[in-house]
Amino acid sequence: MTIQLAGNCLCGDVRFTAAGEVKRVSACYCSQCRQQNGGSPFHGIELQGELTVDDSSSLRWYASSPQAKRAFCARCGSSLFWRSNDDVSFFDVSMGAIGDDHGLSLDAHIFVDYCPSYLTVPSTAPHLTEADVRNRPLKNQ
């Protein structure tokens with residue numbers, strides 16, 4: 001499914017559009033996502049396409065691993081994006097940054113083998129371990 005989304009951070013300093021093929025809508029339980037999001041999973045729309053930021057003066061990118069970087073607003077702290085270092089056309093957009101009227105639902109809970117004991121992974125979508133994520137193709141591949 002091809003989609004076009006518009007969104008912003010909490011304070012509105014970072015506004016963006018994202019367009020492309022939806023590869024997966026997921027809640028990620030890896031340690032980096034949980035640490036960045038205050039202990040909760042990162043709910044993101046994984047896209048293959050183009051991300052355009054209208055005003056990037058408050059946008060900050062952090063190289064969180066050799067594989068990817070993450071973006072947030074330096075003013076309000078909103079977690080906004082995850083982007084592959086190998087292919088900049090592959091990125092995640094935070095579901096919280098696009099509002100509630102997007103019509104999307106979760107395809108998977110990913111990296112569930114990293115879920116800590118204080119969280120319970122809901123049964124609202126399939127549970128994928130790290131090995132599953134690395135070995136299971138995304139939509140339309």
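Panel note: side chain Asn85, backbone Pro66; a donor-acceptor pair is recorded below 3.5 Å. Between the Ser56 side chain and the Leu59 main chain, no donor and acceptor come within less than 3.5 Å of each other. With hydrogens and angles disregarded, no donor-acceptor distance shorter than 3.5 Å links the side chain of Ser26 to the backbone of Cys28. Using a distance-only test at 3.5 Å, with no hydrogens or angles considered, a donor-acceptor pair links the side chain of Gln32 to the main chain of Ser64. Remark: side-chain polar atoms of Asn8 are not paired, donor with acceptor, to backbone N or O of Val14 under 3.5 angstrom.
Leu47 and Trp61 fall within a single hydrophobic cluster, where Ile, Leu, Val, Met, Phe, Trp and Tyr are joined by side-chain heavy atoms under 4.5 Å apart, directly or via other members. Both Met95 and Val53 are assigned to one and the same hydrophobic cluster, defined by single-linkage of ILVMFWY side chains at heavy-atom distances under 4.5 Å.
Between Gln36 atom CD and Arg70 atom CZ the span is 5.0 Å, to the nearest 0.5 Å. In this structure, SG on Cys33 lies 9.0 Å from CH2 on Trp82, to the nearest 0.5 angstrom.
Taking all atoms of both residues into account, the shortest heavy-atom contact from Ala125 to Leu106 is CB-O, 3.8 Å. Residue Ala97 comes nearest to Leu80 through the heavy atom pair CB-CD2, 3.8 Å, listed as atom of the first residue, atom of the second, then distance. Looking at every heavy atom in both residues, Asp107 comes nearest to Arg24 through OD2-CA, 3.4 Å. Contact detail for Glu21 and Met1: the closest heavy-atom pair is OE2-N, 2.6 Å.
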Does the side chain to side chain contact (heavy atoms under 4.5 Å, CB included) test come out yes or no for Ile45 and Leu5, once each step is laid out? CA-CA 10 Å; Ile45 303 160; Leu5 304 167; 3.7 Å; yes
Side chain to side chain contact (heavy atoms under 4.5 Å, CB included) for Phe91 and Val93? Distances and angles first, verdict last. CA-CA 7 Å; Phe91 57 94; Val93 173; 3.7 Å; yes
Verdict with supporting geometry, Cys73 and Cys11, side chain to side chain contact (heavy atoms under 4.5 Å, CB included): CA-CA 9 Å; Cys73 175; Cys11 70; 3.8 Å; yes
Take Arg75 and Asp13 through the salt bridge (Lys or Arg N to Asp or Glu O under 4.0 Å) test and state the conclusion after the steps. CA-CA 8 Å; Arg75 183 170 179 223; Asp13 270 9; 3.4 Å; yes
What verdict does the side chain to side chain contact (heavy atoms under 4.5 Å, CB included) test give for Arg15 and Asp55, after you've listed the backbone C-alpha separation in whole Å, the side-chain angles of each residue and the deciding distance to 0.1 Å? CA-CA 6 Å; Arg15 295 184 180 283; Asp55 178 2; over 6 Å; no
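With hydrogens and angles left out, the side-chain atoms of Gln4 and Thr17 include no donor and acceptor closer than 3.5 Å. For the 3.5 Å distance criterion, the side chains of Ser84 and Asp86 fail to qualify, holding no donor opposite an acceptor. Defined by atom type and a distance below 3.5 Å, a donor-acceptor pair is present between the side-chain atoms of Thr129 and Asp132.
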Name each donor-acceptor pair under 3.5 Å that joins a side chain in residues 108-119 to protein atoms two or more places apart or in another chain, with its distance.
{"unit_1": "His109", "atom_1": "ND1", "unit_2": "Tyr29", "atom_2": "OH", "d": "3.3"}
{"unit_1": "His109", "atom_1": "NE2", "unit_2": "Pro122", "atom_2": "O", "d": "3.4"}
{"unit_1": "His109", "atom_1": "NE2", "unit_2": "Thr124", "atom_2": "OG1", "d": "2.9"}
{"unit_1": "Asp113", "atom_1": "OD1", "unit_2": "Glu130", "atom_2": "N", "d": "2.9"}
{"unit_1": "Asp113", "atom_1": "OD2", "unit_2": "Glu130", "atom_2": "N", "d": "3.4"}
{"unit_1": "Tyr114", "atom_1": "OH", "unit_2": "Glu130", "atom_2": "OE1", "d": "2.4"}
{"unit_1": "Tyr118", "atom_1": "OH", "unit_2": "Gly39", "atom_2": "O", "d": "2.9"}

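Listed by first and then second residue, the ring-ring contact (aromatic ring centres under 6.0 Å, His included) pairs involving residues 31-50 amount to none (not counting sequence neighbours).
A 4.5 Å side-chain heavy-atom check between Ile98 and Phe16 finds at least one atom pair inside the cut-off. Side-chain contact check for Phe90 versus Glu46: some heavy-atom pair is nearer than 4.5 Å.
Taking the ring centroids of Phe81 and Phe72, they lie at or beyond the 6.0 Å cut-off.
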